[in-house]
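Encoded as structure tokens, the structure appears first; notes follow it.
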Number of protein chains: 2
Amino acid sequence: MTRGRPPAHTLERVIEAAIAVADADGLAAVTMRRIAGEIGAGAMSLYTYVPDKDRLVDAMVDRVGADVPAITPTGDWQGDLLAICRAQRASMLAHPWLPGALAARRITGRHMVAYLEQGLAALAPTRLDGSTKLEVIALLTGFVANFVANELAGPPTEEQVALIGEAVLSGDYPHLAAALAEGGSRVPTFDAIALRMIRGLADPVLWPGPDIL
Amino acid sequence: MTRGRPPAHTLERVIEAAIAVADADGLAAVTMRRIAGEIGAGAMSLYTYVPDKDRLVDAMVDRVGADVPAITPTGDWQGDLLAICRAQRASMLAHPWLPGALAARRITGRHMVAYLEQGLAALAPTRLDGSTKLEVIALLTGFVANFVANELAGPPTEEQVALIGEAVLSGDYPHLAAALAEGGSRVPTFDAIALRMIRGLADPVLWPGPDIL
DNA sequence: GCATTTCCGGTACAACGTACGGGAAAGAGG
DNA sequence: CCTCTTTCCCGTACGTTGTACCGGAAATGC
């Protein structure tokens with residue numbers, strides 16, 4: 001049947017190794033040599049399975065999409081969208097390189113298509129038109145990625161603290177000084193923000209302007 | 001007064017050259033050698049003005065912030081925030097590399113502090129607490145960057161079209177097929193979406209849940 | 001003139017993605 | 001069995017990147 005030398009590795013194995021490296025040491029550590037070494041192959045052997053590094057990262061993004069649990073629509077479209085956002089967030093927290101990779105990339109791969117389908121299914125009761133639904137999904141995805149990226153960024157740099165402190169002391173930024181002094185009694189939860197975003201974006205009843213989004 | 005050999009160039013000149021290159025050929029074209037060549041200097045001379053390339057990009061981001069017109073609060077906080085978002089969008093459209101650079105970066109530089117102050121001033125009438133105001137600003141900034149990135153991405157790749165078309169023909173993605181077939185009568189405008197986002201995020205009256213964001 | 005300070009920029013190195021091509025390992029046909 | 005064809009493996013090598021190093025050049029202060 002299949003002629004020629006049989007492959008010693010698999011595409012799946014390459015992608016999984018790349019994801020493991022990214023999870024452990026960040027996306028910058030994902031180099032062809034490193035991945036190849038991780039699976040006991042030569043660097044150039046990877047090009048048997050992947051046309052170039054960019055496609056490898058595409059495949060990584062699509063691969064983690066496979067592990068995100070599917071949300072089947074319940075009819076409560078707000079709840080369904082929130083569940084989708086939560087699942088996305090969980091995936092990004094498990095793979096901290098994901099928000100960054102997603103930011104510089106477009107929809108690719110089967111799982112991404114499934115993700116779109118899932119969002120559209122959840123949005124079905126809203127009666128928004130097709131392109132608006134897609135726009136809403138894109139905006140929500142971007143929101144989650146942005147939120148998680150901020151979450152993962154951790155505390156500000158010493159340098160940033162110095163910059164802000166200097167700004168406050170200068171007296172030229174009274175609102176900033178006030179905001180920092182006041183602080184926040186309660187840290188806003190992801191769910192609360194996401195729900196506001198969902199309602200604000202997708203509810204045509206609550207916001208029936210001349211522009212229906 | 002000042003001892004030693006006087007500088008042949010200036011930091012400002014370096015940053016402006018880098019911005020010009022990024023505007024013309026994208027952020028990837030911003031290399032130390034290229035920038036140096038652009039201002040008639042040796043590659044290593046740049047390190048007299050900038051500690052490393054990452055700081056140069058930081059400086060580029062901060063520099064374009066200087067050209068964004070300031071919005072002075074009018075008391076109409078929704079309108080003020082919308083004006084800020086519009087100004088940000090205009091800046092990003094003028095410098096298409098900005099959304100990408102912003103995504104992988106944190107607040108740095110004087111103009112960024114001024115931007116925060118401006119947003120906080122606009123949010124003053126809302127009576128949100130300090131950290132919530134900052135959160136709202138971060139979310140809005142992320143939204144604008146994400147929106148403009150999508151705007152600038154242009155039409156989908158031939159490969160993406162093939163993938164989606166295949167998915168539609170397979171019959172496994174009915175909602176996606178329907179959404180694409182239906183299309184959109186009206187393309188949602190930036191202003192409409194931004195206003196929904198602003199109201200949804202920051203209006204404590206319209207959304208007075210147990211979580212005040 | 002001399003010492004000191006500062007900036008200039010050529011050279012060089014490590015790491016990257018990957019083009020190239022010869023060698024190795026399999027099935028197919030004789 | 002041998003040989004041809006196909007496929008994969010991967011060492012070598014090239015161009016590009018950021019930048020460490022350092023000798024030389026140019027200014028001031030004594």
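Naming: A, B, ... by sequence-line order, numbering from 1 per chain.
Applying the side chain to side chain contact (heavy atoms under 4.5 Å, CB included) rule to B:Leu93 yields the partners B:Arg89, B:Val148, B:Glu151, B:Leu152; only residues at least two apart in sequence or on another chain are considered. Applying the ring-ring contact (aromatic ring centres under 6.0 Å, His included) criterion to A:His175, with sequence neighbours excluded, gives no partner residue. In this structure A:Asp52 satisfies the salt bridge (Lys or Arg N to Asp or Glu O under 4.0 Å) test with no other residue, sequence neighbours excluded. In this structure A:Glu158 satisfies the side chain to side chain contact (heavy atoms under 4.5 Å, CB included) test with no other residue, sequence neighbours excluded. Scored by the ring-ring contact (aromatic ring centres under 6.0 Å, His included) test, B:Phe190 finds B:Phe143, B:Phe147 as partners (sequence neighbours excluded). Partners of A:Asp67 under the side chain to side chain contact (heavy atoms under 4.5 Å, CB included) rule, at least two apart in sequence or in another chain, are A:Arg63. Applying the side chain to side chain contact (heavy atoms under 4.5 Å, CB included) test to B:Thr72 and every residue at least two apart in sequence or in another chain returns nothing.
Scanning DNA chain C 5' to 3' for nucleotides with an atom closer than 4.0 angstrom to a non-hydrogen atom of chain B gives a first and last hit of C:dT4 to C:dA12.
Listed by residue number, B:Met32, B:Arg33, B:Met44, B:Tyr47, B:Asp52, B:Lys53 are the residues of residues 32-63 of chain B with a heavy-atom contact under 4.0 Å to DNA chain D.
Neither OP1 nor OP2 of D:dC8 sits under 4.0 Å from any side-chain N or O of A:His9.
Residue pairs that meet the side chain to side chain donor-acceptor pair (under 3.5 Å) test with at least one member in residues 31-42 of chain B, sequence neighbours left out, are B:Asp25-B:Arg34, B:Arg34-B:Glu38. Within the structure, ring-ring contact (aromatic ring centres under 6.0 Å, His included) pairs that include any residue of residues 87-106 of chain B comprise B:His95-B:Trp97 (at least two apart or interchain).
At a threshold of 4.5 Å between non-hydrogen side-chain atoms, the residues A:Val64 and A:His111 do not count as touching.
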Polar atom pairs (N or O), protein with nucleotides 24-28 of chain D, under 3.5 Å:
from: D:dT28; atom 1: O3'; to: B:Met1; atom 2: N; distance (Å): 3.4

